[in-house]
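Here's the structure we're looking at; comments come further down.
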Amino acid sequence: MSGSVDNIKYPLILGHEGAGIVESVGEGVKKVKPGDKVIPLSLPQCGKCLLCLNPKSNICEKSDFGKYSGLMLDNTSRFTCKGKLIYHFVRTSTFTEYTVLDEISVAKIDDNAPLDKVCLISCGFSTGYGSAVKIAKVEPGSTCAVFGLGGVGLSGIIGCKAAGASRIIGVDTNSKKFTAAKNVGATECINPNDYKEPVHEVLTKMTGLGTDYSLEFVGDTNVMLSALLSTNFASGTTVIVGLAHYTAKMNFNPMVLLTGRTLKGGLLGGCKSKDIPKLVSDLMAKKFDLDGLITHKMPLAKINEAYDVLTKGESLRTILMMSSCE
Ligand SMILES: NC(=O)c1ccc[n+]([C@@H]2O[C@H](COP(=O)([O-])OP(=O)(O)OC[C@H]3O[C@@H](n4cnc5c(N)ncnc54)[C@H](O)[C@@H]3O)[C@@H](O)[C@H]2O)c1
Ligand SMILES: [Zn+2]
């Protein structure tokens, strides 16, 4: 994330993928009450602006994503340390025991939801799953390539499988990710480093004319281009999801699209806030499960260790437990 933006204000409390229980509410708050289980929304929904009213968009004009004011809607911060102001992160800041959210940045979820699992629905799972189901609109019987087999890519595989894809090819430069990918639904996996040819040529050979869908979950523009070139030149759809460095650019000949390919992108898998409680209910109804994404659980105090296992490629998702929840 740090490489993806240049206008973040420090010091700040990071974290946006979480779940919690409402401790108290401010005056006039109607949506939630103390004791409610909730998921914080890094993409809020005011429900009134032109973007919220557009069924094709999941962005809200009141979102702090990309603007990074680091402040709440009333332009204040609710965090201080030794008298010094600390900024919020996309109005969620979940790496804390207690945080303060605007009413539009919170979704009430089922009272029986397991917080140590549904926290993933706050971002990673919804992003991967929604990118397949809502943005790519993967069709039954189709062939999909999923680039990047971290927690978000695996959620993309779960989405492709739920949409009825018959062939799901996982692509990752770390072959240790293949077992987890197959456990959630990849039918085969390849490592680009095992081939002399570029990976899009390998995928085109494997599938005849290229994949019907390619989803990118790495955050690298070269991988985005590989995903685009891997699709059927006449009808393929690519969805880019990874957050590349803020200076990165994609460069390709327009003919790549003129023949009939589609290139799309999205945040949070195109999910609006109303989709989040529905995904929690779907999890509880066992329509999918999240166990295959969780490799570690640690107390918040071990957050640096959690980052170490992530950057070493040893974890998919680490659940950070607050001592107040244990
Ligand atoms: N658009 C959104 O709303 C949204 C939301 C959440 C995350 N993201 C982004 O999605 C991406 C994936 O997130 P994650 O948590 O799964 O990350 P992750 O680091 O856990 O997984 C990334 C995977 O990509 C693999 N990889 C690296 N280079 C590769 C290459 N050249 N070819 C193939 N695979 C390669 C890594 O081995 C790793 O398994 C990140 O860029 C993240 O910032 C976007
Ligand atoms: Zn809005």
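The basis for the numbers below is simple: all heavy atoms, side chains too, and nothing from hydrogens, waters or symmetry mates. Every number for a ligand or one of its atoms is a count from 1 in the order of the listing.
- Looking at Val152 against ligand 1, both its backbone and its side chain come within 4.0 Å, counting heavy atoms.
- Of all the atoms in ligand 1, the ones that sit under 4.0 Å from a non-hydrogen atom of Gly242 are 9 (C), 10 (O), 11 (C), 41 (O).
- Centred on the Zn ion (ligand 2), the SG atom of Cys60 and the SG atom of Cys52 lie at an angle of 100°, reported to 10°.
- A donor and an acceptor atom, one from each side chain of Arg91 and Ser105, are nowhere located under 3.5 Å apart.
- Below 4.0 Å from some heavy atom of Gly150 lie the following atoms of ligand 1, by number and element: 16 (O), 20 (O), 21 (O), 23 (C), 39 (O).
- At least one N or O atom of Val241, backbone or side chain, sits closer than 3.5 Å to an N or O atom of ligand 1.
- Rounded to the nearest 0.5 Å, atoms OH (Tyr87) and CZ (Arg78) are 15.0 Å apart.
- A donor-acceptor pair under 3.5 Å links the side-chain atoms of Ser93 to the main chain of Ile13, judged by distance alone.
- The residue from Val218, Asp172, Asn191 that puts a heavy atom closest to atom 36 (C) of ligand 1 is Asp172.
- Below 4.0 Å from some heavy atom of Asn174 lie the following atoms of ligand 1, by number and element: 37 (O).
- Scanning both residues, Ile59 and Gln45, for their nearest heavy atoms gives O-NE2, 4.0 Å.
- For ligand 1, the atoms sitting less than 4.0 Å from at least one non-hydrogen atom of Lys177 are 38 (C), 39 (O), numbered in the order shown with element in parentheses.
- Sequence neighbours left out, the pairs with a member in residues 129-176 that pass ring pair (Phe, Tyr, Trp, His ring centres under 6.0 Å) are Phe125-Tyr129, Tyr129-Phe288.
- Under the side chain to side chain contact (heavy atoms under 4.5 Å, CB included) test applied with Pro192, the options Leu203, Thr173, Asp172, Val202 reduce to a single match, Thr173.
- For ligand 1 and Val223, the ligand atoms under 4.0 Å from any heavy atom of the residue are 30 (C), 31 (N), 32 (N).
- Surrounding NZ of Lys48 are at most 12 heavy atoms belonging to other residues, nucleotides or ligands under 6.0 Å away.
- In this structure, Asp220 does not count as a contact residue of ligand 1, since none of its heavy atoms falls inside 4.0 Å of the ligand.
- Using a 4.0 Å cut-off to heavy atoms of Phe217, the atoms of ligand 1 that qualify are 11 (C), 12 (C), 22 (C).
- The side chain to side chain contact (heavy atoms under 4.5 Å, CB included) with Leu149 is formed by just one residue from the set Leu316, Asn174, Ile157; it is Ile157.
- In the vicinity of Leu268, heavy-atom distances shorter than 4.0 Å reach the ligand 1 atoms 2 (C), 3 (O).
- Using a 4.0 Å heavy-atom cutoff, Gly124 is absent from the residues neighbouring ligand 1.
- Residue-ligand proximity: Gly313 is placed with every non-hydrogen atom at 4.0 Å or more from ligand 1.
- At a heavy-atom cutoff of 4.0 Å, ligand 1 is contacted by the side chain of Cys123 but not by its backbone.
- Annotation: Gly266 places an N or O atom under 3.5 Å from an N or O atom of ligand 1; distance criterion only.
- Atom NZ of Lys117 is surrounded by 12 or fewer heavy atoms from other residues, nucleotides or ligands within 6.0 Å.
- Taking every heavy atom of Gly219 and a limit of under 4.0 angstrom, the matching atoms of ligand 1 come to 41 (O).
- The residues Lys108 and Asp36 are annotated as salt-bridged, a charged nitrogen and a carboxylate oxygen being separated by less than 4.0 angstrom.
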